[in-house]
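Remember, predicted model here, so these are calculated numbers, not experimental data. Values reported hereafter were calculated over all heavy atoms of this structure, with side chains retained and with hydrogens, waters and symmetry mates removed.
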Amino acid sequence: MNENVTPGTDLLYEVRDGIGRIIFNRPQARNSLTFGMYERLSAICEAAAGDRSLKVLILSGAGDKAFAAGTDINQFRAFKTPQDAIGYEARIDRVLTTLEQCAVPTIAAINGACTGGGAAIAACCDLRIGTRTAKFGFPIARTLGNCLSASSIGRLSGLIGATRLKEIIFTARLIEAEEAAGIALLHEVVEDLSALERRADDLARLVASHAPLTLRATKQALLRAQPKPAEDEDLILMCYQSRDFREGMDAFLGKRQPQWTGD
């Protein structure tokens with residue numbers, strides 16, 4: 001049995017018998033993502049192209065509350081210039097693109113909250129399975145008052161449709177597992193966490209047993225068919241440089257309702 005364990009704290013990575021397992025490991029913070037976690041995820045996906053022994057990646061969250069609950073809000077507190085906002089969205093787009101283009105199939109095993117950046121990561125995975133407690137959403141209109149990049153909007157609208165995506169963002173609601181399965185956010189729903197772990201392993205072994213070039217060609221053909229994203233710097237700056245964004249952060253960290261002004 002081949003085993004390769006990469007030590008870490010916030011993001012764990014292990015390879016065993018051709019199956020890589022990525023675990024977002026901040027259960028005390030609902031596995032919210034730091035910039036370091038995003039970069040580690042990107043590095044793992046990039047390295048997959050040069051590892052012929054790696055057949056598939058499984059992504060999951062530690063604990064029983066969340067897959068990943070978006071970017072850690074504290075990462076935004078240092079934002080002071082327009083370039084901070086542009087750089088952040090560029091970083092996220094780069095990481096998501098690397099995951100989306102990963103040379104091996106990716107499986108998101110989702111339990112609990114899968115929101116914001118976590119939901120964007122799951123949407124970039126090839127297959128998504130979840131428990132009945134899985135909940136998807138982008139509640140940014142209720143929490144921070146920021147926006148998704150044009151690339152993320154394009155990915156998500158291609159997956160679930162523009163009308164559905166607008167409804168989800170405008171209402172800031174979270175989508176339960178059964179509804180998620182009905183709109184392609186989940187391919188399969190299982191009963192609980194233990195069933196999720198078993199099913200993820202079984203699915204990974206099945207996918208790993210198939211012709212890797214067929215799977216890679218299918219991924220690449222679908223990516224090439226996607227339209228190119230529009231320019232979005234003006235939209236990013238409109239949101240991230242606003243008073244509302246600062247109010248959203250302060251309200252979130254202060255556990256109070258934000259007072260939006262549109263400024």
Side-chain angles (χ1 to χ4, degrees), residues 9-11 24-38 61-93 95-96 110-123 130-150 152-153 156 164-177 179-180 185 232-263:
T9 302
D10 291 343
L11 188 149
F24 304 123
N25 189 41
R26 300 183 72 216
Q28 76 284 0
R30 291 182 174 258
N31 299 320
S32 58
L33 295 143
T34 64
F35 291 163
M37 292 167 71
Y38 280 119
D64 60 359
K65 302 297 184 185
F67 173 77
T71 302
D72 188 328
I73 304 304
N74 288 298
Q75 304 287 285
F76 295 125
R77 294 191 71 80
F79 281 21
K80 297 186 183 303
T81 69
Q83 191 54 44
D84 290 331
I86 298 298
Y88 167 73
E89 286 296 343
R91 179 204 296 264
I92 299 304
D93 280 344
V95 171
L96 294 178
I110 301 160
N111 183 66
C114 182
T115 56
I121 286 171
T131 65
R132 296 191 182 281
T133 67
K135 293 183 179 181
F136 289 82
F138 296 89
I140 51 178
R142 174 170 51 82
T143 55
L144 293 185
N146 58 330
C147 64
L148 300 180
S149 70
S152 290
I153 290 287
L156 290 161
R164 179 80 66 174
L165 180 59
K166 282 194 288 187
E167 185 267 333
I168 290 169
I169 292 177
F170 286 10
T171 64
R173 71 186 181 92
L174 299 185
I175 301 168
E176 304 281 345
E179 182 182 358
L185 282 174
D232 62 0
E233 286 193 3
D234 59 326
L235 305 177
I236 292 169
L237 293 178
M238 179 178 68
C239 291
Y240 282 91
Q241 293 291 293
S242 67
R243 292 179 182 176
D244 272 356
F245 181 62
R246 291 290 168 182
E247 166 64 10
M249 279 195 297
D250 291 343
F252 186 92
L253 295 171
K255 298 182 179 180
R256 62 175 176 81
Q257 289 294 319
Q259 301 298 311
W260 307 119
T261 64
D263 296 322

Worksheet item: Should the heavy atoms of other residues, nucleotides or ligands under 6.0 Å from CD of Gln257 be counted, would the total exceed 12?
Response: no
Practice prompt. Report yes if some heavy atom in the side chain of Arg256 is under 4.5 Å from a heavy atom in the side chain of Asp250; otherwise report no.
Written response: yes
Worksheet item: How about Arg243: does its CZ atom have over 12 heavy atoms from other parts shown lying under 6.0 Å from it?
Response: no
Fill in: Side chains of Phe245 and Met249 in contact at under 4.5 Å (non-hydrogen atoms)
yes
Worksheet item: Just wondering, do Ile73 and Thr143 contact through their side chains at under 4.5 Å, heavy atoms?
Response: no
Worksheet entry | Phe35 six-ring face occupied by Arg91 cation (under 6.0 Å, within 45°) | yes
Worksheet item: Hey, are the side chains of Arg173 and Glu167 touching, using non-hydrogen atoms and a 4.5 Å cut-off?
Response: yes
Discussion item. Main chain of Ala69, side chain of Asn31: is a donor-acceptor contact present, judged purely on distance under 3.5 Å?
Written reply: no
Worksheet item: Do Tyr38 and Thr71 have side chains that get closer than 4.5 Å, going by heavy atoms?
Response: yes
Worksheet entry | Asp72/Arg30 ion pair, N-O < 4.0 Å | no
Item to complete: Could you check whether the rings of Phe76 and Tyr240 sit parallel, tilted or perpendicular, using 30° and 60° as the cut-offs?
Response: tilted
Worksheet item: Where the side chain of Asn146 meets the backbone of Cys239, is there a donor-acceptor pair that is under 3.5 Å apart?
Response: no
